[in-house]
A.B. asks: 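Please find one structure pasted underneath; my questions will follow.
Just so we're clear, the structure is a prediction, and the values are computed from it rather than from any experiment. Residue numbers start from 1 in every chain, and the chains themselves are labelled A, B, ... in the order their sequence lines are given, proteins ahead of strands.
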There are 2 protein chains.
Amino acid sequence: MRAAGEKKVTTSAGRNELPTRAPRKRAGRGAARPDDADEVGLDALVGHAGYAVRRFQIWIFQDFVRTLASVDIRPTQYSVMTVIGANPGLSQMAVAKRLGIERARLVHLLDSLEGRKLVRRIKSKTDRRSHALHLTAQGGLSLAKFKQLAAEHERHVEEKIGKGNRERLLQILAGFT
Amino acid sequence: MRAAGEKKVTTSAGRNELPTRAPRKRAGRGAARPDDADEVGLDALVGHAGYAVRRFQIWIFQDFVRTLASVDIRPTQYSVMTVIGANPGLSQMAVAKRLGIERARLVHLLDSLEGRKLVRRIKSKTDRRSHALHLTAQGGLSLAKFKQLAAEHERHVEEKIGKGNRERLLQILAGFT
DNA sequence: AGCAATTGTTGTCGTCAACAACAATCTTTG
DNA sequence: CAAAGATTGTTGTTGACGACAACAATTGCT
């Protein structure tokens, strides 16, 4: 519901400023006073995996949100629906554990999705504490659309870091999924 | 939880009924329904770079916080001090731009660091709007210690994904730093 | 001088991880 | 079987964080 920005972000959104890194001289210590951020040396920060990953994560997140803005689905919502769609009848606990999110957080997520008639909580008969999660008919249809857009987002990632690098990345991080 | 032989991704577009596992601990559920998160298929989620990166980012973040817990320094604080240490005299705007954080947010960050006598805001004489940021003597000493711990954290990353993979990762994501 | 832009600051809003506490409901065990 | 313990969904709080909006002081531009 934001969309107020209406920035000139095209749907392709790739190749904006990747190779900016001008091989300029390192910011000289002492007298030099780099005012432009482009000239600021990072020193020890480069070489930290966490920093690079954080920046990349932010970029990916924003592109995902932007690409799926028309359907108003955020990454976490998408992951929840995907898991439920692939494993109907899961309990909230199971979904939370699988996605590594707090079950407390999943409550709000599902409230929202259920309010939009995408997901249903059905009381389990075998365990009256838990809910069996299912996609609604509309939810299934919608998820198909979401997946299309998510695939488009994935193409943006390819454009940004290269197809081979993306696959390599997935391979390296396969242990965390 | 590595989900080793996980190849239950039946590419046939239809439903992929999970391979019937013998019901383990809990009383039989009647229908084949995975209760344990370990058995839950992710389907389309695997293959999404954003998901893998997010999980990895969370892991890295937590390890960083844990490794630097003794000095009570969080990733963002570390990045701010590193940049200031490498480029003394920077303005808040320059630091914020370089690290990709909001200048509004940097205010609180610096309030905290200045309160701990690690950095100083010195009024610029050339531009009385801005502050020149410097590490205090204690801040410089502390940063050296922080860097040691950060290097230890980085070793944890190596242990987790492998030395070569870590370097490849940094290489792939170099454009985002 | 006048007006737009920048800088630091304050504040709000929404997302997210991490806990804590609780009622309802299993499961275990004495 | 009944009490004790554990689990599930829920509500609430805390704190870090990104995104904005508005503002005063200051600078730059014309």
A.B. asks: Ring centres under 6.0 Å, that's the criterion: do A:Tyr51 and B:Phe176 meet it?
C.D. replies: no

A.B. asks: With a 4.0 Å cutoff (strictly under), does any side-chain N or O of A:Arg121 reach OP1 or OP2 of D:dG9?
C.D. replies: no

A.B. asks: Closest nucleotide of DNA chain D for A:Leu110 versus for B:Arg105: which of these residues is on the 5' side?
C.D. replies: A:Leu110

A.B. asks: A:Arg103 near the nucleic acid: base, sugar-phosphate alone, or nothing, with a heavy-atom cut-off under 4.0 Å?
C.D. replies: base

A.B. asks: Calculate the interatomic distance between B:His108 atom NE2 and D:dA16 atom C1'; express it in whole Å.
C.D. replies: 11 Å

A.B. asks: If I take atom CH2 in residue B:Trp59 and atom P in nucleotide C:dA18, what distance separates them, rounded to the nearest angstrom?
C.D. replies: 14 Å

A.B. asks: Take atom CZ of B:Arg128 and atom P of D:dG28, then tell me their distance rounded to the nearest Å.
C.D. replies: 11 Å

A.B. asks: Indicate yes or no for a side-chain donor-acceptor contact from B:Arg55 to the backbone of A:Leu99 under 3.5 Å, with no hydrogens or angles considered.
C.D. replies: yes

A.B. asks: Let's test your reading of the model: under 3.5 Å, does the base of D:dG9 pair with the side chain of A:Arg129 as donor and acceptor?
C.D. replies: no

A.B. asks: Name the nucleic acid region contacted by B:Ile58, choosing base, sugar-phosphate or nothing; use a 4.0 angstrom heavy-atom cut-off, strictly under.
C.D. replies: sugar-phosphate

A.B. asks: Taking the six-membered ring for Trp and the single ring otherwise, decide whether the centroids of A:Phe64 and B:His48 are under 6.0 Å apart.
C.D. replies: no

A.B. asks: Could you state the CG-P distance from A:Leu133 to D:dT10, rounded to the nearest angstrom?
C.D. replies: 9 Å

A.B. asks: Among the candidates D:dA21, C:dC16, C:dA17, find the nucleotide nearest to the side-chain atoms of B:Ala104.
C.D. replies: D:dA21

A.B. asks: On DNA chain D, compare the nucleotides closest to A:Asp111 and B:Gly100; which residue's is nearer the 5' end?
C.D. replies: A:Asp111

A.B. asks: When you get a sec, tell me which of C:dT9, D:dT11, D:dG9 is the closest nucleotide to the side chain of A:Ser130?
C.D. replies: D:dG9

A.B. asks: Do the ring planes of B:Trp59 and B:Phe56 sit parallel (below 30°), tilted (30 to 60°) or perpendicular (above 60°)?
C.D. replies: parallel

A.B. asks: Hey, does B:Glu102 reach any base, or is it just sugar-phosphate, or nothing, if we go heavy atoms under 4.0 Å?
C.D. replies: base

A.B. asks: Looking at C:dT9, I'd like to know if its phosphate oxygens (OP1 or OP2) sit under 4.0 Å from a side-chain N or O belonging to B:Gln92.
C.D. replies: yes

A.B. asks: Quickly work out the A:Met93 CE to C:dT25 P distance and round it to whole Å.
C.D. replies: 19 Å

A.B. asks: Within this structure, what is the CD1-to-C1' distance between A:Ile101 and C:dT15, rounded to whole angstrom?
C.D. replies: 13 Å

A.B. asks: Picking from C:dA17, D:dC20, D:dT10, which would you name as closest to the side chain of A:Val107?
C.D. replies: D:dT10

A.B. asks: Counting heavy atoms from C-beta on, name the nucleotide in D:dG12, D:dG9, D:dA21 closest to the side chain of A:His131.
C.D. replies: D:dG9

A.B. asks: What's the verdict on side chain to side chain donor-acceptor pair (under 3.5 Å) for A:Gln92 and A:Arg121, showing C-alpha distance, side-chain angles and the deciding distance?
C.D. replies: CA-CA 9 Å; A:Gln92 299 187 192; A:Arg121 283 189 253 225; 3.0 Å; yes

A.B. asks: Provide, to the nearest angstrom, the distance between the CG atom belonging to B:Leu109 and the P atom belonging to C:dG8.
C.D. replies: 14 Å

A.B. asks: Rounded off to whole Å, could you give me the CZ-to-P distance for the A:Phe64 and C:dT15 pair?
C.D. replies: 15 Å

